[in-house]
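See structure below.
Letters A, B, ... mirror the listed sequences (proteins, then strands); counts begin at 1.
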There are 2 protein chains.
Amino acid sequence: MKNDSTLKEAGLKVTHPRVKILELFQSNPHSHLSADDIHNSLIKKDENIGLATIYRVLTQLEEVGLIQKNHFDDNSSSYEIKKQHHDHLICNVCGKIIEFTDDDLEELQEKISKRHNFVLDTHVMTLFGTCTNGECNSNKKD
Amino acid sequence: MKNDSTLKEAGLKVTHPRVKILELFQSNPHSHLSADDIHNSLIKKDENIGLATIYRVLTQLEEVGLIQKNHFDDNSSSYEIKKQHHDHLICNVCGKIIEFTDDDLEELQEKISKRHNFVLDTHVMTLFGTCTNGECNSNKKD
DNA sequence: TTCCTTGCAAACGTTTTGCATCGGT
DNA sequence: ACCGATGCAAAACGTTTGCAAGGAA
């Protein structure tokens, strides 16, 4: 219900696929989902929404700034619900993705850009490593 | 000729496609080339090397650490000859790619990783902006 | 009723693979 | 001679598009 107004405010018609996809992101705010992940999740919920529609909706949701597209690897893109700006730490072993922010980092990026006569627009920073928490055994992805 | 030993030392047979591809990178050390870029460059030089071979060679050269794969956008991957570690600044207007290193940045990444109980392996940091040098008019890519 | 949206299937561009042939060592 | 490397064509993969039917305003 809340999503109805979110979509309207964004200038998008309230349609079943859009609502369902938005709900999926909101029910798991830290998830990073590919189009295929979303497709499968929806099928499990007996929501038969075509993959093409999912791609179209994801593009639109990104255009209006409700979600954010990432390409952590070259196989496929993933999307997450748009929150404050952040970067990512990805565990090479268990696939866990941690979101973080760091003010020093933001500052440093500005400094580097200026040094090279660039006006900074956006940036991507992804750290790959191994998480040393107990959880890093299973192969679950977030 | 020099590439013959480079390849041998890496444990790869010295074959025509491998030598030619390696030469291409060395003749332009700051280039960031896709498989297709390489294919076209070689065709211009009357080197008819199959695209499949180029992909195979690129994968092997990356495996032995002679080149590095980047995925700046989600259309295709690009490769560059492996140099000291560096990050990238990309101009959204003219496509120019600047390579840079920053010790503070490296330090900061270690700090962030530790804070989240990660053992850092690698990272990707790409800044997107607009370059304010005079050159940023043409549409040439590096 | 009017467009926008959807589903399906077909098209797309990039990358990978199967297979027969070729070529370093 | 051996086994890996190559070329070609076909397949695979994620993603996009054309089109006719359906649905929100």
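Between C/dT14 and B/Ser77, no contact under 4.0 Å exists linking OP1 or OP2 to a side-chain N or O. For the OP1/OP2 pair of D/dT16 and a distance below 4.0 Å, the side-chain nitrogens and oxygens of A/Tyr55 include no atom meeting the criterion. The side chain of A/Arg56 places no N or O atom within less than 4.0 Å of a non-bridging phosphate oxygen (OP1 or OP2) of D/dT16.
Remark: side-chain polar atoms of B/Asp4 are not paired, donor with acceptor, to backbone N or O of B/Leu7 under 3.5 angstrom.
A/Asn3 and A/Glu23 share no side-chain donor-acceptor pair at under 3.5 Å. For the 3.5 Å distance criterion, the side chains of B/Asn70 and B/Glu80 qualify, holding a donor opposite an acceptor. Checking B/His32 against B/Gln68 by side-chain atom types alone, no donor-acceptor pair falls below 3.5 Å.
Residue contacts for B/Asp36: at a heavy-atom cut-off of 4.0 Å it reaches no nucleic acid atom on any strand shown. Here B/Asn48 lies in heavy-atom contact (under 4.0 Å) with sugar-phosphate atoms only. Within 4.0 Å of A/Asp74, counting heavy atoms only, lies no atom of the nucleic acid at all. Within 4.0 Å (heavy atoms only), B/Leu51 reaches at least one base atom of the nucleic acid.
Overall bending of the helix from C/dT1-D/dA25 to C/dT25-D/dA1, expressed as the angle between end axes built from five pairs apiece, is 30° (10° steps).
A salt bridge does not link A/Lys111 to B/Asp102: none of the charged nitrogens lies less than 4.0 Å from a carboxylate oxygen.
Rounded to whole Å, the distance from NZ on A/Lys69 to P on D/dG14 is 14 Å. Across the protein-nucleic acid pair, A/Glu63 atom CD and D/dT16 atom P stand 11 Å apart, rounded to whole Å. In this structure, B/Asn75 places its CG atom 12 Å from C1' of D/dG14, rounding to the nearest Å. In this structure, B/Leu7 atom CG and D/dT6 atom P are separated by 10 Å, rounded to whole Å. In this structure, B/Lys20 places its NZ atom 16 Å from C1' of D/dT6, rounding to the nearest Å. Atoms CG (A/Asp73) and C1' (C/dT15) sit 14 Å apart, rounded to a whole Å. Following rounding to the nearest Å, A/Ile54 (CD1) and C/dT5 (C1') show an atom-to-atom distance of 14 Å. Atom CG of A/Asp37 is separated from atom P of D/dG14 by 11 Å (rounded to the nearest Å).
Of the listed residues (B/Ile21, B/Thr15, B/Val14), just one forms a side-chain contact (heavy atoms from CB on, under 4.5 Å) with B/Arg18, and that residue is B/Thr15.
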List the protein contact pattern of nucleotides 20-25 of chain D with one symbol per nucleotide (5' to 3'): B for base contact, S for sugar-phosphate-only contact, - for none; contact means a heavy-atom distance under 4.0 Å. ---BBS
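A/His123 and B/His88 have their aromatic ring centers separated by at least 6.0 angstrom.
Listed candidates were D/dT6, C/dT6, C/dT15. Nearest to the side chain of B/Pro17 is D/dT6.
Residue B/Lys83 places its NZ atom among more than 12 non-hydrogen atoms of other residues, nucleotides or ligands, all under 6.0 Å distant.
Nearest-nucleotide positions on DNA chain C place A/Gly50 closer to the 5' end than the other of B/Thr59 and A/Gly50.
B/Asp103 CG to B/Leu105 CG: the interatomic distance, rounded to the nearest 0.5 Å, is 9.0 Å. Here A/Glu106 contributes atom CD and A/Met125 contributes atom CE; the two are 9.5 Å apart, rounded to the nearest 0.5 Å.
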